[in-house]
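See below for the structure under consideration.
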Amino acid sequence: MYSQGLTDAKGQEEPADLLAEFQAKIDREEKIEPRDWMPMAYRKTLIRQMSQHAHSEIVGQLPEGNWITRAPTLNRKMILLAKVQDEAGHGLYIYSATETLGVSRDQLTDELLTGKAKYSSIFNYPTPSWADMGAIGWLVDGAAIMNQVPLCRCSYGPYARSMVRICKEESFHQRQGYEIMTVLARGTQAQKDMAQRALNRTWWPSLMMFGPSDKNSTHSAQSMKWKIKRFSNDELRQKFIDATVPQAEHLGLTIPDPDLKWNEETGHYDHGEINWDELFQVIKGNGPCNKERLQARIDAHENGEWVREAAQTYQQKQNNQHNEAA
Amino acid sequence: MATQINNKALHTYLLRLADSSLTMGQRLAEWCGHGPYLEEDVALTNVSLDLIGHAQIFYQLAVALSDDSQTADDLAFLRDSHEYRNPIITELPKGDFAYTTLKQYFIDVFSVQLYQALSKSSYEPLSLAAQKALMEVKYHLKRSEAWVERLSLSTDEAKVRMQKALNDLWFYTPELFETDAALNELIEQGVIADLLALKTKWNEQVKTLLQRCQLEIPESGWVATGGLAGEHSEHLGYMLAEMQFLQRAYPGCEW
Ligand SMILES: [Fe+2]
Ligand SMILES: [Fe+2]
């Protein structure tokens with residue numbers, strides 16, 4: 001029964017006994033490690049999900065990187081710089097973890113730059129004001145934490161371990177974002193307005209970060225069985241909303257959803273319908289900043305080509321000299 | 001101490017230290033998210049963070065020395081370019097990676113030698129700050145020196161870019177050692193480093209590496225000067241316009 005529709009790289013059915021053993025291990029909450037046998041589809045799912053995650057960290061540097069040179073105080077500048085640097089570090093760990101599945105970082109980078117690979121849709125929105133730094137830390141890193149905390153228990157060992165390390169930093173990111181919002185919300189009217197506009201911009205896209213609704217989610221069931229995913233998209237989204245609404249109230253800001261209200265019966269907040277068409281458009285490449293974000297990565301890659309080449313050539317020359325001397 | 005320190009001169013010198021670190025850090029921060037590869041993105045950001053941290057410390061020393069109620073942030077965000085005291089080299093645009101690297105190397109050699117000397121300053125707060133910064137700039141120097149060598153002794157393209165960077169940057173370096181009457185007084189009192197002695201040391205160290213890297217020092221060019229007196233290039237105004245935007249557009253706010 002485990003082999004249902006699962007085939008290996010050559011299109012052969014995966015061996016039933018190995019599959020059964022694999023699933024039993026997962027059910028016992030044991031980690032799958034790089035050298036362990038795993039079905040091709042598990043490997044592929046992880047490569048897709050992990051590389052998308054790594055790409056998101058890297059592209060995610062850009063919307064906030066946009067304000068580093070304009071941060072309003074020395075402290076804010078250093079905190080933001082450290083935060084964006086963390087994201088690059090996250091990208092690095094996750095790329096390394098993905099490499100344990102038998103793909104190279106070069107290959108993954110190539111997929112990002114050619115538009116074959118996806119990254120989180122949220123980073124295709126612009127950050128026109130300083131308050132967006134607050135809204136992103138608070139909401140986007142907040143949503144990332146909701147997604148990533150369960151991943152600390154993901155069945156694939158290297159991914160789970162990288163998430164443990166990353167989640168610690170994400171909570172610092174979320175706090176610094178909320179703190180920016182707090183200061184703005186207590187500030188002058190102009191600052192409050194700035195904060196409200198940023199919340200208006202970021203709210204719906206951050207709900208979309210949890211992916212399509214469970215009704216339309218294609219990869220969910222198998223990922224749950226493999227314990228790559230622990231909660232459904234809608235469950236995580238609801239958790240996020242329930243945690244965030246009181247925070248917005250505490251700030252004195254208004255969440256831009258007239259249908260948002262507490263439901264005594266369910267013990268959750270009801271919310272308005274998400275504009276799924278917008279999400280699909282952004283995923284397809286038609287968000288406000290898709291082209292700019294990708295181009296920024298392409299430019300960095302192309303402008304860095306000669307540097308990478310030089311480093312390699314130098315290393316070879318050193319090795320040659322070393323060999324001659326020996 | 002027998003002689004009274006000239007506070008105004010020391011204040012100006014602390015601003016020179018702080019402004020230099022801040023402008024260097026600000027330029028490096030422009031690489032964040034755009035580095036030639038991820039590891040380098042992270043490394044450049046590290047250096048930038050250290051430098052902005054140094055700037056903050058030196059601004060705080062300046063604040064402590066002054067009677068008015070200006071804060072470190074006021075000094076960074078509310079002074080115009082003619083009030084900035086950094087040498088022009090630190091405000092130059094980031095350029096390509098060769099330019100960034102060589103500029104960083106020049107400044108790193110200078111900073112290591114300078115902070116070593118300032119560690120012995122008779123003004124204790126400055127001596128302590130220099131000791132702290134020294135540990136970090138030593139690490140920066142290791143990194144930038146390795147990159148200068150790596151880029152210079154590799155591909156033809158990298159070598160050409162490094163030579164061009166050297167041609168463009170070389171004559172900005174003498175300004176690092178510039179003094180005026182007030183600074184000379186502080187030097188005599190042992191409050192700040194003997195910049196003339198540093199100039200010799202700096203030239204020795206830098207020229208040794210350039211030679212090993214087969215780079216040629218250009219024969220002539222405009223020798224930069226003016227930063228100490230608040231006379232700057234066109235670049236600083238744009239940097240400040242960007243950096244100070246929020247503080248200027250929304251005066252008196254908390255952030
Ligand atoms: Fe992250
Ligand atoms: Fe983050």
Side-chain angles (χ1 to χ4, degrees), chain A residues 54 57-82 84-89 91-92 95 105 109 129-130 180 183-184 186-188 190-191 194 296-297 299-301 303-318, chain B residues 22 25-46 48-50 52-53 55-56 59 71-73 75-77 96-98 101 146-147 149-159 161-162 239 241-247 249-250 252-255:
Chain A
E57 301 283 356
I58 300 310
V59 178
Q61 288 185 274
L62 299 169
E64 288 173 289
N66 181 34
W67 277 91
I68 290 170
T69 58
R70 291 179 292 168
T73 67
L74 294 171
N75 274 335
R76 290 278 174 229
K77 191 189 288 290
M78 288 190 278
I79 293 169
L80 185 63
L81 198 50
V84 178
Q85 181 194 39
D86 281 350
E87 307 298 5
L92 272 174
Y95 280 130
R105 193 164 116 197
T109 303
S129 93
W130 168 251
I180 291 175
V183 174
L184 293 176
R186 286 189 198 142
T188 62
Q191 286 178 302
M194 195 189 277
R297 289 312 308 159
D299 291 346
H301 189 77
N303 294 336
E305 188 82 61
W306 72 270
V307 180
R308 295 190 299 275
E309 221 172 276
Q312 217 171 21
T313 305
Y314 178 78
Q315 193 55 48
Q316 272 161 9
K317 284 186 182 178
Q318 292 296 105
Chain B
L22 180 58
Q26 173 82 0
R27 280 300 181 219
L28 275 184
E30 292 175 18
W31 281 100
C32 185
H34 308 279
Y37 43 96
L38 277 180
E39 286 81 351
E40 212 36 48
D41 212 299
V42 173
L44 287 167
T45 312
N46 261 333
S48 170
L49 267 172
D50 287 345
I52 297 167
Q56 195 175 35
Y59 283 133
T71 64
D73 282 332
L75 291 173
F77 293 93
D96 68 0
F97 190 70
T101 302
W147 267 111
E149 183 168 325
R150 198 173 290 139
L151 295 176
S152 305
L153 303 176
S154 57
T155 61
D156 290 342
E157 179 177 5
K159 196 179 166 64
R161 285 177 186 264
M162 285 303 282
M239 182 195 276
E242 190 173 338
M243 188 173 82
Q244 299 178 338
F245 155 67
L246 282 166
Q247 293 265 7
Y250 303 90
C253 290
E254 286 225 21
W255 298 97

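What you see is a predicted model; the values in this text were computed from it and never measured. To find a chain, count down the sequence lines: A is the first, B the second, and so on, and within it residues start at 1.
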If I measure from the heavy atoms of chain A, does [X] come under 4.5 Å with its side chain, its backbone, both, or neither?
X: R27(B); answer: neither
X: N46(B); answer: both
X: Q244(B); answer: neither
X: A241(B); answer: neither
X: Y250(B); answer: side chain
X: L22(B); answer: side chain
X: S48(B); answer: both
X: W31(B); answer: neither

With distance as the sole test, does [X] use its side chain to make a donor-acceptor pair with the main-chain N or O of [Y] at under 3.5 Å?
X: R150(B); Y: A310(A); answer: no
X: E309(A); Y: A158(B); answer: no
X: D73(B); Y: L74(A); answer: yes

Taking atom [atom1] of [X] and atom [atom2] of [Y], what is their separation to the nearest 0.5 Å?
X: H34(B); Y: N303(A); atom1: NE2; atom2: CG; result: 10.5 Å
X: K77(A); Y: L49(B); atom1: NZ; atom2: CG; result: 11.0 Å
X: R70(A); Y: Q26(B); atom1: CZ; atom2: CD; result: 11.0 Å
X: E305(A); Y: E157(B); atom1: CD; atom2: CD; result: 9.5 Å

If you tally heavy-atom pairs under 4.5 Å against chain B, which of [options] wins?
options: A190(A), A311(A), G89(A), S129(A); value: A311(A)
options: G304(A), G65(A), P72(A); value: P72(A)
options: E64(A), R76(A), Q191(A); value: Q191(A)
options: L184(A), D299(A), V183(A), I68(A); value: V183(A)
options: T313(A), L62(A), T69(A), D86(A); value: T69(A)
options: L92(A), I180(A), I58(A), T188(A); value: L92(A)

(request) Given side-chain contact (heavy atoms from CB on, under 4.5 Å), test W255(B) with N75(A) step by step and report yes or no. (result) CA-CA 10 Å; W255(B) 298 97; N75(A) 274 335; over 6 Å; no

(message) Quick check for you: among S152(B), G252(B), A98(B), which has the greatest number of heavy-atom pairs under 4.5 Å with chain A?
(response)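 Most pairs with chain A among the choices: A98(B).
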
(message) Shorter than 4.5 Å, heavy atoms on both sides: which option in Y59(B), F77(B), Y37(B), W147(B) has the most such pairs with chain A?
(response)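 Most heavy-atom pairs within the cutoff with chain A belong to F77(B).
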
Would a 4.5 Å heavy-atom cut-off, applied to side chains only, mark [X] and [Y] as touching?
X: Q312(A); Y: T155(B); value: no
X: W130(A); Y: F245(B); value: no
X: V84(A); Y: T45(B); value: no

(message) One thing to verify: whether R105(A) and E39(B) come together as a salt bridge, which I'm taking to mean a side-chain N less than 4.0 angstrom from a carboxylate O.
(response)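 Salt bridge flag = yes for R105(A) with E39(B).
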
(request) May I ask you to check whether over 12 heavy atoms, not counting those of E242(B), lie within 6.0 Å of atom CD? (result) yes

(request) Using a cut-off of 6.0 Å, state whether more than 12 heavy atoms not belonging to R308(A) lie near its atom CZ. (result) yes

(message) How close do L153(B) and Y314(A) get, counting heavy atoms only, and between which atoms?
(response)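 Shortest heavy-atom contact: O-CD1, 3.5 Å.
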
